[in-house]
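To start, the structure under review is shown below, and the notes come after it.
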Amino acid sequence: MENQVSSEILEQIPGFKLGVIEYRDITVGDSPQMLKGRLQLFQESIYFDLENKQVTDLPGIKEWRNIFKKTGKDPNRYRHSAESLFRRVQKQNYLSSVQSAIDINNFFSLQYQVPIGIYDLDLVQGPVEIRIGKEGEEYIGLNGRKNSLDRLIVAADKEGPFGSPFVDSERTPVTYATKNALQIIYLRPSTRIEDAKKLTESLMNMFTQIHGGEASYRIFGCQ
């Protein structure tokens, strides 16, 4: 699928880049015990690491808060999804297993300290553009609320925005019925290209190890 990043984002955020992975013929199901165990242990480790720290001091969390500031969105009111995960863990409100695709998303989001979105590719209509949301744009998110997308970074297709590093839309979620998926890693701008490739490929390989199918990735943005 064709993807692009808007020139407005590239001008406002030096070094902005994404890892984009397409999966074909996958099988989404309950997470294997290995993934459930790793996710639980990792959260416990993060909880102890955060005992004398602020979530906002973590490098990846801080970097994405600054991105929200640059596009004109208050990061205290609109916390990016990775920060929200860390705040849950800090309160010992640990993430429980949902299903294999979401669990991997959460695991790597915690590991890399960046937002990651995954979408049912068959529900995405045409080429995808990563751009800044316009005044009046909104959608019902997976948080069950109507979310204003004005000045938020969004992933949009022909029908409009369907994803964001803040919260994703209820229009394109990955479910047990999903066979093809699109995954967007909202990388830190400070990440070197070679590291971005390794990080993206590592996620892709673990995903296909669990879900089968075929996959390919590309890095978009400033290179």
field: Pairwise distance CD1(Ile102) to CG(Leu142) - rounded to 0.5 angstrom
entry: 7.5 Å
statement: Interatomic distance, OG@Ser31 vs CZ@Arg38, rounded to 0.5 Å, equals 12.0 Å
N/O donor-acceptor pair under 3.5 Å between Thr200 side chain and Lys197 backbone: no
field: Value rounded to 0.5 Å, distance of CG in Leu41 from CD in Gln43
entry: 10.0 Å
Non-hydrogen atoms of Gly160 and Arg171 that approach each other most closely: O-NH2, 3.0 Å
message: How about CD on Glu135, more than 12 heavy atoms from neighbouring residues, nucleotides or ligands closer than 6.0 Å, or not?
response: no
field: Among Glu137, Glu170, Glu138, the one residue meeting salt bridge (charged side-chain N to carboxylate O under 4.0 Å, His left out) with Lys146
entry: Glu138
Short side-chain to backbone donor-acceptor contact, Arg151 and Lys70, under 3.5 Å: no
message: With heavy-atom distances below 4.5 Å as the criterion, would you say the side chains of Phe207 and Ser100 are in contact?
response: no
Side-chain heavy-atom pair Ile21, Leu182 within 4.5 angstrom cut-off: no
task: Check the side chains of Gln183 and Tyr23 for a donor-acceptor pair under 3.5 angstrom, ignoring hydrogens and angles.
output: yes
message: Is there a path of hydrophobic side-chain contacts, each under 4.5 Å between heavy atoms of I/L/V/M/F/W/Y residues, joining Tyr217 to Ile193?
response: yes
message: Ignoring hydrogens, what is the shortest heavy-atom contact between Tyr186 and Gly117? Give both atom names and the distance.
response: CE1-N, 4.3 Å
message: With a 4.0 Å cut-off on N to O distance, would you call Glu63 and Arg65 a salt bridge?
response: no
- prompt: What's the verdict on side chain to side chain donor-acceptor pair (under 3.5 Å) for Asp168 and Tyr119, showing C-alpha distance, side-chain angles and the deciding distance?
  reply: CA-CA 9 Å; Asp168 289 323; Tyr119 315 97; 2.7 Å; yes
message: Before you tell me yes or no, could you show the steps for Tyr176 and Asp30 under side chain to side chain donor-acceptor pair (under 3.5 Å), namely the whole-Å CA-CA distance, both residues' side-chain angles and the distance that decides it to 0.1 Å?
response: CA-CA 9 Å; Tyr176 287 105; Asp30 294 334; 2.7 Å; yes
- line: The reported gap from CD1 in Ile9 to CD in Gln4 (rounded to nearest 0.5 angstrom) is 10.5 Å
query: Pro189 and Ile13: which non-hydrogen atoms are nearest, and at how many Å?
result: CG-CG2, 4.0 Å
- prompt: Is there side-chain contact between Leu121 and Thr172, with heavy atoms separated by less than 4.5 Å?
  reply: no
query: Any side-chain heavy-atom pair from Asn180 and Ile26 closer than 4.5 angstrom?
result: no
- prompt: Ile132 versus Leu152: any side-chain heavy-atom pair under 4.5 Å?
  reply: no
message: Using the rule given for side chain to side chain contact (heavy atoms under 4.5 Å, CB included), can you reason through Arg218 versus Leu18, listing the C-alpha separation, both sets of side-chain angles and the distance that settles it, and then say yes or no?
response: CA-CA 8 Å; Arg218 287 183 63 189; Leu18 306 165; over 6 Å; no
query: Should the ring pair Phe16 and Trp64 be called parallel, tilted or perpendicular, given that the plane angle runs from 0 to 90° and is split at 30 and 60?
result: perpendicular
query: Which distance, rounded to the nearest 0.5 Å, do you find between the CG of Asn105 and the CD1 of Ile184?
result: 10.5 Å
message: Does Glu51 have more than 12 heavy atoms from other residues, nucleotides or ligands lying within 6.0 Å of its CD?
response: yes
- prompt: Do Asn93 and Arg87 have side-chain heavy atoms sitting under 4.5 Å apart?
  reply: no
- line: Here the pair of heavy atoms bringing Glu129 nearest to Ser6 is OE2-CB, 3.5 Å
message: Side chains of Ile130 and Phe220, heavy atoms from C-beta outward: is any pair under 4.5 Å?
response: no
message: Tell me whether Lys73 forms a cation-pi arrangement with Phe68, defined as NZ or CZ under 6.0 Å from the six-membered ring centre and within 45 degrees of its axis.
response: no
- prompt: Can you check side chain to side chain donor-acceptor pair (under 3.5 Å) on Gln12 and Thr71, steps first, answer last?
  reply: CA-CA 7 Å; Gln12 288 192 24; Thr71 65; 5.6 Å; no
- prompt: Given Phe162 and Tyr139, is the ring pair (Phe, Tyr, Trp, His ring centres under 6.0 Å) satisfied, shown in steps?
  reply: CA-CA 8 Å; Phe162 62 86; Tyr139 58 49; 8.5 Å; no
- prompt: Could you give the distance from OG (Ser202) to CZ (Phe108), rounded to the nearest 0.5 Å?
  reply: 4.5 Å
query: Under 4.5 Å between any side-chain heavy atoms of Leu203 and Ile185, yes or no?
result: yes
